Participant: 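Dumping the structure here so I can ask a few things about it.
What you see is a predicted model, and the numbers here were worked out from it, not measured in a lab. Indexing begins at 1, ligand by ligand and atom by atom, following the structure's order.
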Amino acid sequence: MQGQSVDARGPGLLILRSLDDAIALRRELMNTPRVAIVGAGFIGLEVAASCRTRGLHVTVIEWLPVPLSPVLGSAFCEMVAAMHRDHGVDLRTGVAVTDVFGESRVAGVALSDGSRIDADVVVVGIGVTPNTEWLEGSGLTLDNGIVCNGSGEAAPQVYAAGDVARVANRWHGDSPRIEHWTNAVEQAVHAAENALAGPAADTSFSSVPYFWSDQYDRKIQFIGRARPHDEIVIVDGSLADRRLTALYRRGDRVVACLAVNQPRALIKYRKLVAGRALWEAALSGTAAS
Ligand SMILES: Cc1cc2nc3c(=O)[nH]c(=O)nc-3n(C[C@H](O)[C@H](O)[C@H](O)COP(=O)(O)OP(=O)(O)OC[C@H]3O[C@@H](n4cnc5c(N)ncnc54)[C@H](O)[C@@H]3O)c2cc1C
């Protein structure tokens with residue numbers, strides 16, 4: 001098994017994408033004391049939380065210095081990292097997995113800093129590649145997914161939706177590929193309505209990304225899209241309590257909201273983010289919601 005790609009399955013080497021993967025992972029974890037998780041994205045961290053809750057020894061390896069920082073902004077990511085460390089996760093950041101070792105089954109991973117981590121199971125959570133190979137040569141535009149107009153059309157009367165699609169999105173101002181459940185549902189509904197509407201089709205898709213993540217006793221919810229230079233203001237709660245609501249500002253607009261164990265806040269701010277409300281009005285509570 002020496003030299004096995006970290007993006008492959010094998011005895012003790014697992015990926016979590018489907019129900020079968022989840023069942024296989026649960027089976028493996030029944031008799032496993034030590035788990036190494038490659039990638040501290042949401043899937044990796046949710047697996048880490050579940051494994052620690054089962055009392056397993058967990059090591060998470062992440063090459064970013066701070067996990068999740070491109071998604072949430074670094075102050076909150078430090079909070080998430082501290083939460084995992086407080087729960088006993090050995091979180092190694094700023095280091096990459098270079099190899100998976102073992103004979104007939106996984107025995108651990110080698111890291112770019114020269115260290116090795118022994119593990120009975122290795123779970124890989126390092127993202128996905130859109131499955132578009134079968135469309136090569138079809139005439140559709142493929143570029144990190146299927147590129148679609150605002151109707152969800154990749155070509156006249158050919159629609160795409162979900163993780164694989166890059167639908168022109170008015171709220172974003174571009175055509176992002178979004179891997180969230182609500183996005184898949186909204187794009188599918190939009191595409192189906194347009195397919196039925198014919199020339200009366202609504203050619204303008206607008207959707208605000210929303211996701212949640214349950215880790216230990218925390219529910220992390222996020223709506224909108226953060227960028228590295230957004231100003232972030234905590235409007236309720238605190239990092240110390242790991243219970244808070246934060247708004248993200250770009251220019252004079254609210255562009256995102258993070259809520260940790262404050263689900264009502266997300267309901268309150270969702271419309272403001274969707275409407276890119278004026279920052280001052282949102283903070284003072286006078287913006288229409
Ligand atoms: C472990 C995990 C946890 C997640 N947690 C969350 C979460 O908490 N919140 C959230 O918002 N999102 C979450 N997601 C993401 C969410 O599941 C996806 O965004 C959503 O499932 C996308 O739906 P989809 O229909 O586009 O793709 P999928 O659900 O991947 O469905 C696509 C289907 O098409 C099949 N397929 C692929 N190629 C072909 C082909 N050529 N011919 C026929 N069939 C094909 C695939 O086998 C698959 O069954 C999670 C994802 C994973 C893997």
Participant: Of all the atoms in ligand 1, which lie at a distance below 4.0 Å from a heavy atom belonging to Trp134?
Facilitator: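 This gives 41 (N) as the contact atoms.
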
Participant: Is it the case that the side chain of Arg243 and the backbone of Arg218 share a donor-acceptor pair, with hydrogens and angles ignored and the cut-off at 3.5 Å?
Facilitator: no

Participant: In ligand 1, which numbered atoms sit nearer than 4.0 Å to a non-hydrogen atom of His180?
Facilitator: 11 (O), 12 (N), 19 (O)

Participant: Check whether any side-chain N or O of Arg166 sits under 3.5 Å from a backbone N or O of Ile146 as a donor-acceptor pair, and report yes or no.
Facilitator: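 Checking the backbone N and O of Ile146 against the side chain of Arg166, no donor-acceptor pair under 3.5 Å is found.
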
Participant: Using ring centroids (six-membered ring only for Trp), state whether Tyr216 and His84 fall under 6.0 Å.
Facilitator: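 When the ring centroids of His84 and Tyr216 are compared, they turn out to be within the sub-6.0 Å range.
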
Participant: Could you identify the single nearest non-hydrogen protein atom to atom 8 (O) of ligand 1 and state the distance to 0.1 Å?
Facilitator: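 Nearest protein contact, heavy atoms only, for atom 8 (O) of ligand 1 is Trp212 O, 3.4 Å.
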
Participant: Looking only at protein heavy atoms, which one is nearest to atom 5 (N) of ligand 1, and what is the separation?
Facilitator: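 Ranked first by proximity to atom 5 (N) of ligand 1 is Glu46 OE1, 5.0 Å.
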
Participant: Protein heavy atoms: any of them under 4.0 Å from atom 1 (C) of ligand 1?
Facilitator: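 Answer yes: something from the protein, a heavy atom, is under 4.0 Å.
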
Participant: Would atom 37 (C) of ligand 1 count as contacted, meaning some protein heavy atom under 4.0 Å?
Facilitator: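 Within 4.0 Å: yes, protein heavy atom nearby.
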
Participant: Taking Asn194 for the side chain and Ser151 for the main chain, is one N or O donor matched with an acceptor at less than 3.5 Å?
Facilitator: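 Judged by distance alone, yes, a pair lies under 3.5 Å.
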
Participant: Tell me: protein heavy atom nearest atom 15 (C) of ligand 1, and distance?
Facilitator: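 Among all protein heavy atoms, the one nearest atom 15 (C) of ligand 1 is Glu179 O, 3.7 Å.
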
Participant: Just to confirm, does any protein heavy atom lie below 4.0 Å from atom 45 (C) of ligand 1?
Facilitator: no

Participant: Which heavy atom of Val254 sits nearest a heavy atom of Leu278, and at what distance?
Facilitator: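 In this case the closest contact between Val254 and Leu278 is CG2-O, 4.3 Å.
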
Participant: Can you sort out which atoms of ligand 1 are near Gly162, meaning under 4.0 Å from one of its heavy atoms?
Facilitator: 26 (O)

Participant: Does the protein put a heavy atom under 4.0 Å from atom 32 (C) of ligand 1?
Facilitator: no

Participant: How does Asn131 reach ligand 1, by side chain, by backbone, by both or by neither, if only non-hydrogen atoms under 4.0 Å count?
Facilitator: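 The answer is the side chain.
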
Participant: Show me which atoms of ligand 1 lie under 4.0 Å from any heavy atom of Leu16.
Facilitator: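 Ligand 1 atoms under the 4.0 Å threshold to Leu16: 1 (C), 53 (C).
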
Participant: Could you identify the single nearest non-hydrogen protein atom to atom 50 (C) of ligand 1 and state the distance to 0.1 Å?
Facilitator: Ile43 CD1, 4.6 Å

Participant: Does Arg17 reach ligand 1 with a nitrogen or oxygen that is under 3.5 Å from one of the ligand's nitrogen or oxygen atoms?
Facilitator: no

Participant: State, to 0.1 Å, how close Ile178 and Pro209 come at their nearest heavy-atom pair, and which atoms those are.
Facilitator: CD1-CG, 4.0 Å

Participant: Testing the 3.5 Å rule here: is there a donor-acceptor pair between the side chains of Ser213 and Glu46?
Facilitator: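 A donor-acceptor contact under 3.5 Å links the two side chains.
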
Participant: From the options Asp163, Asp21, Leu25, Thr132, select the one whose nearest heavy atom is closest to atom 18 (C) of ligand 1.
Facilitator: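 Heavy atom nearest to atom 18 (C) of ligand 1 belongs to Asp163.
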
Participant: Quick test of your reading of the structure: of Phe42, Trp181, Tyr210, whose heavy atom lies closest to atom 16 (C) of ligand 1?
Facilitator: Trp181

Participant: Do the ring planes of Phe222 and Phe211 sit parallel (below 30°), tilted (30 to 60°) or perpendicular (above 60°)?
Facilitator: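 Plane angle under 30°, so parallel.
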
Participant: Is it the case that the side chain of Arg264 and the backbone of Leu266 share a donor-acceptor pair, with hydrogens and angles ignored and the cut-off at 3.5 Å?
Facilitator: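 Not a single qualifying donor-acceptor pair exists.
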
Participant: Only one of Val71, Leu68, Ile232 clears side chain to side chain contact (heavy atoms under 4.5 Å, CB included) with Phe76; which?
Facilitator: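 So, applying the side chain to side chain contact (heavy atoms under 4.5 Å, CB included) to Phe76 and each of Val71, Leu68, Ile232, only Ile232 qualifies.
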
Participant: Could you tell me if any non-hydrogen atom of Val164 lies under 4.0 Å from any atom of ligand 1?
Facilitator: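 The answer is no: ligand 1 sits nowhere under 4.0 Å from a heavy atom of Val164.
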
Participant: To check you understand the geometry: which heavy-atom pair defines the closest contact between Arg177 and Asn144, and what is its length?
Facilitator: CD-O, 2.8 Å

Participant: Enter the distance from Arg105:CZ to Asp120:CG here, rounded to the nearest 0.5 Å.
Facilitator: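 Output value for this atom pair is 7.0 Å.
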
Participant: For Ala154 versus Leu140, what's the shortest heavy-atom pair and its separation?
Facilitator: O-CD2, 3.9 Å

Participant: Any protein heavy-atom neighbour for atom 12 (N) of ligand 1 (distance below 4.0 angstrom)?
Facilitator: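 Yes, there is one.
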
Participant: For atom 52 (C) of ligand 1, is some protein heavy-atom partner under 4.0 Å away?
Facilitator: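 Yes; the ligand atom in question has protein heavy-atom contact below 4.0 Å.
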
Participant: What residue and heavy atom of the protein are closest to atom 23 (O) of ligand 1, and at what distance?
Facilitator: Ala184 CB, 3.6 Å

Participant: Mark whether atom 28 (P) of ligand 1 lies under 4.0 angstrom from at least one protein heavy atom.
Facilitator: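 Within 4.0 Å of atom 28 (P) of ligand 1, no protein heavy atoms are found.
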
